[in-house]
There are 2 protein chains.
Amino acid sequence: MIILLVEDDTLLAAHSIDFLAKEGIEVDYASTVMQAKSISEQQRYDAIVLDINLPDGDGLSLAQQWQHTRSEPILFLSARDTLADKLTAFSFGALDYLTKPFALEELAVRIKLLANKATPKTNKRFELDSLSVDLSAKIITRAQRVIVLSPQQWQLLALLIEHYPNPVDKATIINTIWPDQDSNNNMYKSLLTRLRSNLSHEHETPLLHTLKKQGLVLRRENTDE
Amino acid sequence: MIILLVEDDTLLAAHSIDFLAKEGIEVDYASTVMQAKSISEQQRYDAIVLDINLPDGDGLSLAQQWQHTRSEPILFLSARDTLADKLTAFSFGALDYLTKPFALEELAVRIKLLANKATPKTNKRFELDSLSVDLSAKIITRAQRVIVLSPQQWQLLALLIEHYPNPVDKATIINTIWPDQDSNNNMYKSLLTRLRSNLSHEHETPLLHTLKKQGLVLRRENTDE
DNA sequence: CTATACTGTTACCTTACGGTTACCTCTGTC
DNA sequence: GACAGAGGTAACCGTAAGGTAACAGTATAG
């Protein structure tokens, strides 16, 4: 079992890593948002433990960015123990929240629980029509042809796959891809056109359908009459 | 979503039930171990919330008994906040542990998380005659034929399904679909005609019936008053 | 420093959604 | 029987939401 720990208190981190090792939990460690991003690039974890206060940003926005590109369960650590803090964290995709100071034993137990819950989701492959997506390797093919997507396009596709076969609300998409930006409808339209054109070359059946006023779906059938 | 709450503090229980109801969580309630056992006999829950200290036993042993007979995720409540207490609870199969006093909001969030983990999203379906509606995926079929509805028509159909098998008052419909607008009766009539024509092509039996002066119903036959 | 890719921006096109109107049927009441 | 009032249908059409293409600014690589 391997987790990612992002925590700027190096002493606490050292103790944690030490203790978790005894519990059979391997730890990748980062002390800043920047580090966390680069370290985690090529790795899949069983869980991610995020401190909220970090020197170059905060764990919350990091979690938000990862919410739809990564599938790891997230546990937040924070000295802040007000209800508002906790609710915010959960709304950012946290699956658990531990206030400092905490016992390392409890952290270990909760990590193990999160990791166990996540394991049944080992199936990391998505198939629809002639489209095939490897979510962990980030490789997409359509009818034997390899497709390369830009970061934004990948984010959108991952979001749609995550909700498949249900549609995703346009507002949700915009909030996910442009978390802080002012929501510009044109950016959304452009992104959509681009993803569409990449996913279906030539005369392949379109897979991205928008339900007016309701959102965007990934489906096979052409729902025309 | 329905949960089982076992808690001997009736005041706390009442508040909790009240609050959870507002969050859309239905609660079966028991104040003792005995009660909990008999109430839960025939029911499957999305999660179980157990107080540890109970008048006729303790939540821990209850959890232990259920460990192999029931599959629901368990969250413990307790005023005891020592590490040992927590570790014990987790070793008895707890998936979460909340120390009293706690905020009802946090309880609600954690319950929802537990319930989600347990149930890998099953979409809500509605079936009537040859009509089949997937409310999450927003797919409608009538006798294998896919039906596409406009946003307003969706809203209306969803509203009717929500109240099925009861009729929905015309005023309610108008207020739902045109919340701020001035209620124009013609708009209502148009919408209704359009939805009807979409739902039953050709000679299929009509499913939308208006009961004079009472409202609109989804029904198989016109079994009027 | 050039080349390339990615994304934000603009301008324009197309479609079908939904409001409007006109007219029809049916039922009940005086 | 005529009229009122509710419910139902069909057609018309302005408009906004959705879709596309081309351009520009910025980064990143080589």
Side-chain angles (χ1 to χ4, degrees), chain A residues 34 37-38 41 65 69 138 140 146-157 160 167-174 176-203 206-217 222-225, chain B residues 138 140 147-157 159-160 167-174 176-203 206-217 219 222 224-225:
Chain A
M34 287 282 292
K37 281 190 187 174
S38 72
E41 198 76 30
Q65 290 172 43
T69 55
K138 300 200 178 185
I140 309 169
V146 174
I147 294 177
V148 182
L149 294 185
S150 77
Q152 281 189 344
Q153 291 169 41
W154 171 259
Q155 246 187 303
L156 177 53
L157 180 62
L160 290 169
V168 182
D169 185 46
K170 179 164 150 185
T172 306
I173 295 176
I174 290 179
T176 303
I177 299 187
W178 299 277
D180 3 73
Q181 309 272 14
D182 27 29
S183 55
N184 183 337
N185 185 39
N186 290 324
M187 287 151 52
Y188 169 79
K189 293 199 292 182
S190 287
L191 171 58
L192 187 45
T193 300
R194 284 159 183 158
L195 178 55
R196 253 197 264 262
S197 92
N198 279 331
L199 287 190
S200 37
H201 278 186
E202 300 155 22
H203 303 96
L207 298 176
L208 272 180
H209 307 275
T210 104
L211 309 181
K212 271 204 178 174
K213 284 292 190 178
Q214 305 189 58
L216 195 59
V217 217
N222 39 357
T223 55
D224 53 330
E225 47 227 280
Chain B
K138 308 210 172 174
I140 310 172
I147 294 177
V148 181
L149 294 185
S150 77
Q152 280 188 344
Q153 291 169 42
W154 246 111
Q155 252 186 297
L156 178 52
L157 181 61
L159 185 62
L160 291 169
V168 182
D169 185 13
K170 178 164 153 185
T172 307
I173 295 176
I174 290 180
T176 304
I177 300 188
W178 298 277
D180 5 73
Q181 310 270 18
D182 28 29
S183 55
N184 182 336
N185 185 40
N186 289 324
M187 286 152 52
Y188 169 79
K189 291 199 294 181
S190 286
L191 171 58
L192 188 44
T193 299
R194 284 161 181 157
L195 179 55
R196 254 197 264 261
S197 94
N198 280 331
L199 287 190
S200 32
H201 275 189
E202 299 155 22
H203 303 96
L207 298 176
L208 269 181
H209 307 279
T210 104
L211 306 182
K212 275 202 178 172
K213 296 287 190 181
Q214 295 185 55
L216 198 57
V217 218
R219 270 207 191 144
N222 198 353
D224 44 324
E225 66 276 40

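Note on naming: letters A, B, ... go to the chains in the order of the sequence lines (proteins, then strands), and numbering restarts at 1 for each one.
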Residues two or more places apart in sequence or in another chain: which of them pass side chain to side chain contact (heavy atoms under 4.5 Å, CB included) with B/T193? none

Would you kindly give the CG-to-C1' distance between B/N185 and C/dA22, to the nearest whole Å? 15 Å

Give a yes/no on whether any side-chain N or O of A/Q152 is located under 4.0 angstrom from OP1 or OP2 of C/dG8. yes

Nearest-Å distance, CG (B/L156) to C1' (C/dG18)? 14 Å

Of all residues at least two apart in sequence or in a different chain, which pass the side-chain hydrogen bond (donor to acceptor under 3.5 Å, both in side chains) check with B/Q153? B/S150, B/N198

Distance test, side-chain N/O of B/T210 to OP1/OP2 of D/dA6, below 4.0 Å: no

side-chain hydrogen bond (donor to acceptor under 3.5 Å, both in side chains) involving A/D169 - partner list, sequence neighbours excluded: none

Return the value, rounded to whole Å, for the distance between atom CG of A/N184 and atom P of D/dG18. 14 Å

Spacing between A/M187 atom CE and C/dT9 atom P, to the nearest angstrom: 6 Å

Taken in chain and number order and not counting sequence neighbours, the residues that satisfy side chain to side chain contact (heavy atoms under 4.5 Å, CB included) with A/T210 are A/L192, A/R196, A/L216

State which residues pass side chain to side chain contact (heavy atoms under 4.5 Å, CB included) with A/K212; sequence neighbours excluded, sorted by chain then number. B/P151

A/K212 NZ to D/dG18 C1', straight-line distance once rounded to whole Å: 6 Å

Side-chain N or O of A/W178 less than 4.0 angstrom from OP1 or OP2 on C/dT7? no

note: A/N198, atom CG; C/dA5, atom P; distance rounded to Å ~ 12 Å

Sugar-phosphate means primed atoms, P, OP1 and OP2; the rest is base. With that split, encode nucleotides 20-30 of chain D 5' to 3' as B, S or - using protein heavy atoms under 4.0 Å. BBB--------

note: B/L191, atom CG; D/dA11, atom P; distance rounded to Å ~ 19 Å

